[in-house]
Amino acid sequence: MKFRVERDALADAVAWTAKSLPSRPSVPVLAGVMLRVSDGRLQVSGFDYEVSSQVGVDVQADADGAALVSGRLLAEITKSLRALPVELAAVGSHVELTCGSARFTLPTMPVEDYPTLPDMPATAGTVEAGPFAAAVAQVALAAGRDDTLPVLTGVRLELEGKTLTMLATDRYRLAIRELEWRPEGGEVSAAALVPARTLNDTAKALGPLGGSVTVALSRGGVGEGMIGFSAGARRTTSRLLDGEFPKVRALLPDTHNAQARVPVSALAEVVKRVALVAERATPVRLSFGEDGLVVEAGGTEDARASEAMDCEYTGEPMTIAFNHQYLLDGLAALDGPVAVLSFTEPKKPAIIAPAGEDGQITSSYRYLIMPVRIGG
């Protein structure tokens with residue numbers, strides 16, 4: 001194997017593939033990226049039996065072949081190179097990489113020991129890359145990070161007709177977003193529980209490419225099922241999580257007793273300032289009334305902070321407390337300048353939704369946040 005390629009193209013391909021590689025692989029070869037050249041095209045692949053990534057790059061090939069090298073090391077090297085053409089050649093049990101006057105010799109691993117990448121499942125439909133990436137970012141932040149509760153570490157995708165719905169929860173908050181997509185061959189009705197980290201990394205990589213993202217889903221959609229995403233020359237597959245996702249829709253109230261409209265940036269700035277005196281688990285209290293909103297927090301050694309701000313509020317005066325980081329996460333995810341906060345009572349979940357300058361809700365994104373019990 002021997003080829004010549006532009007530095008940026010190689011660095012992007014290796015970085016995309018190496019990002020999904022395990023930090024502690026069960027066998028050494030799973031820490032590698034496979035470089036395979038055929039007919040003037042380089043395929044860079046990675047696979048850990050759960051997630052596979054593959055991207056194609058056009059190269060000037062002198063000899064076809066394949067080599068398996070450390071993915072993270074190759075990613076660090078290619079990222080650090082100057083913007084010059086890169087030559088890479090397999091020589092015995094090593095690969096030699098040259099870029100200008102820089103030369104690297106890297107050991108290879110046995111190509112024959114590397115597992116075969118899974119095929120893409122059947123195409124389920126397509127969705128616009130930009131809106132898809134934005135929706136995933138809004139929802140994935142609410143997924144759990146506790147591996148002892150694997151079901152909560154995923155994002156549930158519900159494909160129903162021309163609507164794609166994403167849901168995620170860690171028991172303390174819930175994010176839900178609906179967007180339009182184009183099902184393949186008519187109506188589609190399916191659901192899949194995708195690891196949130198994999199989905200988020202994939203959406204971040206495919207979103208900037210523009211165009212459409214193809215969603216591929218194995219029949220059944222649970223347990224041993226698989227989902228795939230592809231755009232341009234990139235494709236990735238992931239095994240789905242097993243287990244039953246909580247019936248979280250029941251948490252969404254049908255009505256509200258009070259509602260506030262607050263500029264997103266102003267509220268976020270106030271919460272950040274007030275939370276400076278709060279420890280990580282200390283909530284911030286939001287008191288709504290005729291005079292607007294007062295945000296308060298108390299910390300250790302009698303440290304306290306409060307700040308008042310304007311707010312459009314309808315309903316009886318109310319004080320409700322939230323984990324300040326969860327509140328900031330929800331505000332950061334809104335795709336509108338105004339936050340609409342809807343309440344039923346201080347001990348029940350609140351709904352945060354984005355709105356335009358006129359105060360009208362602008363998208364189908366909802367962020368549900370559980371209140372923290374406070375005295376009095």
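Looking at W181, its side chain does come within 3.5 Å of a backbone N or O of G161 through a donor-acceptor pair. Without hydrogens or angle criteria, R235 side chain to G228 main chain gives no donor-acceptor distance under 3.5 Å.
The side-chain heavy atoms of K162 and P183, taken from C-beta on, include a pair separated by under 4.5 Å. Contact of the F322 side chain with the Y172 side chain is not registered, since no non-hydrogen atoms from C-beta on lie closer than 4.5 Å. Residues V151 and L241 have side chains not in contact (no heavy-atom distance under 4.5 Å, counting atoms from C-beta outward). Using a 4.5 Å cut-off on side-chain heavy atoms (C-beta onward), I227 and L157 make contact. Residues E6 and D8 fail the side-chain proximity criterion, which asks for heavy atoms closer than 4.5 Å.
With a 6.0 Å radius and a threshold of 12 heavy atoms from other residues, nucleotides or ligands, R197 has its CZ atom at or below the threshold. Atom CG of D119 sits in a sparse spot, with 12 or fewer heavy atoms from other residues, nucleotides or ligands closer than 6.0 Å. In the displayed structure, E316 atom CD is contacted under 6.0 Å by at most 12 heavy atoms of other residues, nucleotides or ligands. Heavy-atom contacts from other residues, nucleotides or ligands closer than 6.0 Å to CG of D291 number 12 or fewer. At most 12 heavy atoms of other shown residues, nucleotides or ligands fall within 6.0 angstrom of atom CG in D310. Within 6.0 Å of CD on E244 lie no more than 12 heavy atoms contributed by other residues, nucleotides or ligands.
A donor and an acceptor atom, one from each side chain of T237 and S52, are located under 3.5 Å apart. A donor-acceptor contact closer than 3.5 angstrom is absent between the side chains of E184 and T123. S20 and S53 share a donor-acceptor pair across their side chains, judged by distance under 3.5 Å alone. Between the side chains of R182 and S212, at least one donor N or O sits under 3.5 Å from an acceptor N or O. Between the side chains of T314 and Q259, no donor N or O sits under 3.5 Å from an acceptor N or O. No side-chain N or O of Q43 forms a donor-acceptor pair with one of R36 less than 3.5 Å apart.
The aromatic rings of F343 and Y313 are tilted relative to each other, their planes meeting at an angle between 30° and 60°.
There is a path of hydrophobic side-chain contacts, each under 4.5 Å, that joins L106 to L10. Following chains of ILVMFWY side-chain contacts shorter than 4.5 Å, one cannot reach L152 starting from L368, and the two form parts of different hydrophobic clusters. Linking Ile, Leu, Val, Met, Phe, Trp and Tyr residues whenever their side-chain heavy atoms come within less than 4.5 Å places I77 and V95 in a single cluster. I369 and V372 are assigned to two separate hydrophobic clusters, defined by single-linkage of ILVMFWY side chains at heavy-atom distances under 4.5 Å. Tracing side-chain contacts under 4.5 Å through hydrophobic residues (I, L, V, M, F, W, Y), one never reaches L117 starting from L217; they form parts of separate clusters.
Screening V57, T78, L88 for a side-chain contact (heavy atoms from CB on, under 4.5 Å) with V5, the sole residue that qualifies is V57. Between T108 and the options V69, V91, L35, a side-chain contact (heavy atoms from CB on, under 4.5 Å) holds for only V69.
In terms of heavy atoms, L328 sits closest to A268 at CD2-O, 3.7 Å. Here the closest heavy-atom approach between residue P253 and residue T344 is recorded as CB-CG2, 4.0 Å. Closest of all the heavy-atom pairs between L141 and A333 is CD2-CB, 3.6 Å. Of all non-hydrogen atoms in R239 and P195, the two that sit nearest each other are O-CD, 3.6 Å. F245 and R156 get closest at one heavy-atom pair: CD2-CD, 3.7 Å. Between G356 and T362, the shortest heavy-atom contact is N-CG2, 3.1 Å.
Salt-bridge annotation for R173 and D329: present, with a side-chain N of the basic residue lying under 4.0 Å from a carboxylate O of the acidic one. Between E307 and R273 there is a salt bridge, with a side-chain nitrogen of the basic residue lying less than 4.0 Å from a carboxylate oxygen of the acidic one. A salt bridge is absent between E87 and K2: the closest approach of a Lys/Arg side-chain nitrogen to an acidic carboxylate oxygen does not fall below 4.0 angstrom.
A distance of 11.5 Å separates CE of M120 from OG of S218, quoted to the nearest 0.5 Å. To the nearest 0.5 Å, atoms CG (L159) and OG (S189) are separated by 8.5 Å. Summarising the geometry, atom CD1 belonging to I320 is positioned 9.0 Å from atom CG belonging to L341; distances are rounded to the nearest 0.5 Å.
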Quiz prompt | From CA spacing to verdict: side-chain hydrogen bond (donor to acceptor under 3.5 Å, both in side chains), T319, R285 | solution = CA-CA 7 Å; T319 297; R285 295 183 300 278; over 6 Å; no
Exercise. Decide ring pair (Phe, Tyr, Trp, His ring centres under 6.0 Å) for Y114 and F47; before the verdict, give the C-alpha distance in whole Å, the side-chain angles of both, and the deciding distance to 0.1 Å.
Key: CA-CA 9 Å; Y114 199 71; F47 185 39; 7.4 Å; no
Exercise. Kindly indicate, with the supporting measurements, whether the criterion side chain to side chain contact (heavy atoms under 4.5 Å, CB included) is fulfilled by E296 and V284.
Key: CA-CA 6 Å; E296 304 172 272; V284 294; over 6 Å; no
Practice problem: Apply side chain to side chain contact (heavy atoms under 4.5 Å, CB included) to the pair T165 and L167, showing each step before the final yes or no. | Solution: CA-CA 7 Å; T165 305; L167 306 99; 4.0 Å; yes
Quiz item: Checking side chain to side chain contact (heavy atoms under 4.5 Å, CB included) for the pair S230/Q54: CA distance, chi angles, key distance, verdict?
Solution: CA-CA 9 Å; S230 63; Q54 187 177 80; over 6 Å; no
Quiz item: Please walk me through it: do E96 and T105 pass side-chain hydrogen bond (donor to acceptor under 3.5 Å, both in side chains)?
Solution: CA-CA 5 Å; E96 295 181 354; T105 299; 4.7 Å; no
Practice problem: Walk me through it: do V136 and F132 pass the test side chain to side chain contact (heavy atoms under 4.5 Å, CB included)? | Solution: CA-CA 6 Å; V136 171; F132 174 69; 3.8 Å; yes
